[in-house]
Engineer: 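I am attaching a structure below and will ask some questions about it afterwards.
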Amino acid sequence: MASRTKGKTTMEVGGDGVAVITIINPPVNSLSFDVLDNLKSNYEEALGRNDVKAIVITGAKGKFSGGFDISGFGEVQKGARKEPKVGYLSIDILTDLFEAARKPSVAAIDGLALGGGLELAMACHARISAPGALLGLPELQLGVIPGFGGTQRLPRLVGLTKALEMILTSKPVKAEEGHSLGLVDAVVPPAELLNAARRWALDIAGRRKPWVCSVLKTDKLPPLGEAREILKFAREQTRKQAPNLKHPLMCLEAVEVGIVSGPRAGLEKEAQVGSQVVNLDTTKSLIHVFFSQRGTTKVPGVTDRGLVPRKIRKVAIIGGGLMGSGIATALILSNYTVILKEVNEKFLEAGIGRVKANLQSRVKKGRMSQEKFEKTMSLLKGSLDYESFRDVDMVIEAVIENISLKQQIFADLEKYCPQHCILASNTSTIDLNKIGERTKSQDRIVGAHFFSPAHVMPLLEIVRTNHTSPQVIVDLLDVGKKIKKTPVVVGNCTGFAVNRMFFPYTQAAMFLAERGTDPYLIDRAVSKFGMPMGPFRLCDLVGFGVAIATATQFIENFPERTNKSMIIPLMQEDKRAGEATRKGFYLYDDKRKAKPDPEIKKYIEKARSVSGVSLDPKLAKLTEKEIIEMTFFPVVNEACRVFAEGIAVKAADLDIAGIMGMGFPPYRGGIMFWADSVGSKYIYSKLDEWSKTYGDFFKPCAFLAERGSKGAPLSAPLEQSRSRL
Ligand SMILES: C[C@H](O)CC(=O)SCCNC(=O)CCNC(=O)[C@H](O)C(C)(C)COP(=O)(O)OP(=O)(O)OC[C@H]1O[C@@H](n2cnc3c(N)ncnc32)[C@H](O)[C@@H]1OP(=O)(O)O
């Protein structure tokens, strides 16, 4: 059966002798195999035609190209497509056919030229860009390497240090910076782009402008000794920052070969490494994350109804504490007008002060100008009553977790806010149905659960009840995107997706510590696994007050499977309450540097005797692998429950929620993706074995038992009838 073609290129030859080849593959003009085939044919035709003197390559609808079609990697990984001969695209086509051609080519860049898109542009003999276009090589972020010659051409155009920075951070530069770096030859207004590129191409053909093959340039490369030092430093940094990833180091190897042995050898090395990295597990995971992150805004029954997000102009926030002020910061940073309501002048001043401090920290770091700071702050108004709520489009309540207080607030909101106003709560634990019990506005009540600090953390859990209207969800998804959060739509339950999935994580750590595993060893193993910090360090950061309050919710709601540990309450009694008190599981110095504390043993021993738990010699000698399994398999188990209950629409949403909300390493693909890579059968058998020895905390849920006993993937979709939402 013939497969559907993905994208194409067109070619038009003008009376001036310029062939304009346009990439057409919406939405971002990615370079699919079909586009690349077409491009090659057009190019060959242009080279063969006597009426063509020069070539311009551009992208349709204001976008040059978002790079190689990422789904193509998936096809190769699954064996659905045979990988082209190593070096075919980058050497045979881009270098030997395009760059070495007898006719010059110019890239006319609008919007973006990323990854393979920029690499194609760099293989042209000049690049003309519209202002603001994004130029970058973000491949490492996807687990692959720049594979269309980027490892060779970027250092030759912008210098080694800048090229490594762009490649290793995956961050693009704007056209203007690109111009000053030498990546772009001219920046012209969008309306003049094509004509300017045509003229430039003809000027090259007529030898009025230089005919530059980037791959042969050497003027920007440092002397060999210096280049080796720069690469050595880059390698050391990479090893430190991404110890579990191989592909950045493999990428550096390709760069180095090019500098030491010349661009041809570099291109060959790049091609070889490029084909190896595609099959790394970390690459499979990162590509899964790329598509899953974009998939969170596709909610069946909600986003497929043709609903258009309503315009949200003004948002009110109730409560100027840590969460409220963080949310206000996120909103004004994206140009929303915000009213911050507090109960008295003192609290209001403190709330506004927090927002100010959040922005000032950007000014201090040079990430915001004073002028922008003032303009942004002017979007925020304080209020002590509801009068100014009469024209707001959305309210986000962010007060303390007290049901009757929230119920009163929502009843008041119903009175003061307009009919269309979305009534959102930032609660992290309380049932939204209960919060709205005293209103008749259940259809516009929704959870907007931000993670602290709200202006920094990338996740927004949008919590819907059975009554929340699809329009309200579509509106909030749009706000989420505008404030640059990744929104994940979840159902209403204790802890929603992230906190619910991850409560067993800390509990497992306490369970092990109480039975003899060294807590610092647990933290080390978990950090090595790729979490930003271990569970004990995390408890210190969150603070024991919050840790106890959250644990209580889970103990009350899921008593049969919670592990009650006395370690934290005993430490709290001694006024060791985490980082804020400079003492928790660790001791903290002025610079917040954590140091293990031998005193900790005392609390663990006491907790052991209070709880009547005994030391377990086996648990006292766990390997790092066993620690990871005993802390994360209970998380997988809870994630399975969340999935089976229909709290999440798809397993991939749980992957993204865990990555964005808890810092689960993206190169492991997220909790469910990782679980499937370990194997459901193995996880099930381990949990089953531990539950027999250690009790119900580890007992596999019915969903895991059903899939695990057959070895079926945990992330496979639920049968429709099983989904609650
Ligand atoms: C050999 C080469 O060296 C290898 C490569 O080139 S690898 C690819 C390198 N390119 C990249 O990493 C760019 C990836 N894309 C992006 O960063 C962003 O999509 C973007 C900046 C281009 C646009 O962002 P934004 O406007 O927010 O739109 P976004 O929602 O991300 O993407 C729009 C759609 O295009 C798709 N898309 C974006 N880039 C794509 C790509 N390179 N391949 C396939 N699909 C792509 C997205 O999946 C999404 O699809 P959907 O609508 O079905 O969900």
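Since the model is a prediction, treat every value here as computed from it, not as a measurement. Order of listing sets the numbers, starting from 1, for every ligand and every atom in it. Every heavy atom of this structure was used, including side-chain atoms; hydrogens, water molecules and symmetry mates were not.
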Engineer: Backbone N or O of L47 within a donor-acceptor pair of the K103 side chain at under 3.5 Å?
Structural biologist: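 Indeed, once roles are kept as given, a pair shorter than 3.5 Å links the two residues.
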Engineer: Give every residue pair that meets the side-chain hydrogen bond (donor to acceptor under 3.5 Å, both in side chains) criterion with at least one member in residues 474-491, sequence neighbours excluded.
Structural biologist: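 Found Q293-T486, R310-D475, Q471-D475, D478-K482.
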Engineer: Could you tell me whether L114 and ligand 1 have an N or O pair separated by under 3.5 Å?
Structural biologist: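 Between L114 and ligand 1 (N or O atoms, distance only) the closest approach is not under 3.5 Å.
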Engineer: Please determine if P138 has a nitrogen or oxygen closer than 3.5 Å to a nitrogen or oxygen of ligand 1.
Structural biologist: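 Min N/O separation from ligand 1 is not below 3.5 Å for P138.
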Engineer: Using a plain distance cutoff, I'd like to know if F73 has any nitrogen or oxygen under 3.5 Å from a nitrogen or oxygen of ligand 1.
Structural biologist: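 No - when backbone and side-chain N and O of F73 are compared with those of ligand 1, no distance drops under 3.5 Å.
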Engineer: Starting from atom 14 (C) of ligand 1, find the nearest protein heavy-atom neighbour and note its residue, name and distance.
Structural biologist: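 Protein heavy atom with the smallest distance to atom 14 (C) of ligand 1: F290 CE1, 3.6 Å.
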Engineer: Let's go through D34 and T5 carefully: what are the C-alpha distance in whole Å and the side-chain angles of both, what is the deciding distance for side chain to side chain donor-acceptor pair (under 3.5 Å) to 0.1 Å, and is it a yes or a no?
Structural biologist: CA-CA 6 Å; D34 294 321; T5 56; 4.8 Å; no
Engineer: Quick one: look at I70 and ligand 1, take heavy-atom pairs under 4.0 Å, and tell me if it's side chain, backbone, both or neither.
Structural biologist: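 It is both parts that get close, each with some atom under 4.0 Å.
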Engineer: Would you say atom 42 (N) of ligand 1 makes contact with the protein, given that contact here means a non-hydrogen protein atom less than 4.0 Å away?
Structural biologist: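 When distances to the protein are checked, atom 42 (N) of ligand 1 has a heavy atom within 4.0 Å.
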Engineer: Mind checking whether Q141 contacts ligand 1 via backbone (N, CA, C, O), side chain (CB onward), both or neither, at a 4.0 Å heavy-atom cut-off?
Structural biologist: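 Contact part for Q141 vs ligand 1: neither.
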Engineer: Between E268 and G87 (side chain of the first, backbone of the second, donor and acceptor by atom type, cut-off under 3.5 Å), is there such a pair?
Structural biologist: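 No, because the side chain of E268 does not come within donor-acceptor range (under 3.5 Å) of the backbone of G87.
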Engineer: Determine if the distance from atom 31 (O) of ligand 1 to the closest protein heavy atom is below 4.0 Å.
Structural biologist: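 Answer yes: something from the protein, a heavy atom, is under 4.0 Å.
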Engineer: Examine the side chains of R81 and S71 and answer whether a donor and an acceptor come within less than 3.5 Å of each other.
Structural biologist: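 Their side chains do not contain a donor-acceptor pair, so the 3.5 Å distance test is not met.
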Engineer: Using distance alone, decide if ligand 1 has a nitrogen or oxygen within less than 3.5 Å of any nitrogen or oxygen in G66.
Structural biologist: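 Yes, G66 has an N/O under 3.5 Å of an N/O on ligand 1.
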Engineer: Using heavy-atom distances, let me know which of L140, L142, L120 sits nearest atom 7 (S) of ligand 1.
Structural biologist: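 Result: the heavy atom closest to atom 7 (S) of ligand 1 is in L142.
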Engineer: Test of understanding: given a 4.0 Å heavy-atom threshold, classify the contact between I145 and ligand 1 as side chain, backbone, both, or neither.
Structural biologist: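 For I145, only backbone atoms sit under 4.0 Å from ligand 1.
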Engineer: Do other residues, nucleotides or ligands put more than 12 heavy atoms under 6.0 Å from K217 NZ?
Structural biologist: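 Count over threshold, so yes.
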Engineer: Between ligand 1 and P146, can you find any atom pair, the residue atom being a heavy atom, that is separated by under 4.0 Å?
Structural biologist: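 Contact present.
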Engineer: Which residue and non-hydrogen atom of the protein lie closest to atom 39 (N) of ligand 1, and at what distance in Å?
Structural biologist: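 The protein heavy atom lying closest is V28 CG2, 3.4 Å.
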Engineer: How close does the nearest protein non-hydrogen atom get to atom 5 (C) of ligand 1, and which residue and atom is it?
Structural biologist: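 Answer for atom 5 (C) of ligand 1: F68 CB, 3.4 Å.
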Engineer: So which protein heavy atom does atom 36 (C) of ligand 1 come closest to, and at what separation?
Structural biologist: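 Its nearest protein heavy-atom neighbour is P27 CG, 4.5 Å.
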Engineer: Who's the nearest protein heavy-atom neighbour of atom 27 (O) of ligand 1, and how far?
Structural biologist: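 In this structure, atom 27 (O) of ligand 1 has K481 NZ, 4.1 Å as its nearest protein heavy atom.
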Engineer: Under 4.0 Å from any heavy atom of E119, which atoms of ligand 1 are there?
Structural biologist: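 Matching atoms, with element in brackets: 2 (C), 3 (O).
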Engineer: Does the separation of the ring centres of F33 and F68 fall below 6.0 angstrom?
Structural biologist: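 Yes, the ring of F33 comes within the 6.0 Å limit of the ring of F68, centre to centre.
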Engineer: To which protein heavy atom is atom 47 (C) of ligand 1 closest, and what is the distance rounded to 0.1 Å?
Structural biologist: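 For this ligand atom, the closest protein heavy atom is R294 CD, 3.6 Å.
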Engineer: Near K174 NZ, under 6.0 Å, is it more than 12 heavy atoms from other residues, nucleotides or ligands?
Structural biologist: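 Result for NZ/K174: open.
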Engineer: For the pair R264 and D96, find out whether any cationic side-chain nitrogen is under 4.0 Å from an anionic carboxylate oxygen.
Structural biologist: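 Yes, charged N to carboxylate O under 4.0 Å.
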Engineer: Which residue and atom name correspond to the protein heavy atom nearest atom 51 (P) of ligand 1, and how close is it?
Structural biologist: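 Minimum-distance protein heavy atom for atom 51 (P) of ligand 1 reads K298 NZ, 3.6 Å.
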Engineer: Taking the side chain as every heavy atom from C-beta outward, state whether Y43 and I21 have any atom pair closer than 4.5 Å.
Structural biologist: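 Yes; the side chains approach each other to less than 4.5 Å.
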Engineer: Do me a favour and list the nearest non-hydrogen protein atom to atom 44 (C) of ligand 1 with residue, atom name and distance?
Structural biologist: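 Ranked first by proximity to atom 44 (C) of ligand 1 is D69 OD1, 3.2 Å.
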Engineer: Quick test of your reading of the model: are K162 and E165 salt-bridged, counting only N-O distances below 4.0 Å?
Structural biologist: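 Yes, this pair counts.
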Engineer: Side chain to side chain donor-acceptor pair (under 3.5 Å) for S292 and D655? Distances and angles first, verdict last.
Structural biologist: CA-CA 8 Å; S292 302; D655 288 334; 5.3 Å; no
Engineer: Taking both backbone and side-chain atoms of E139, is any N or O found less than 3.5 Å from an N or O belonging to ligand 1?
Structural biologist: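 It does: an N or O of E139 is found under 3.5 Å from an N or O of ligand 1.
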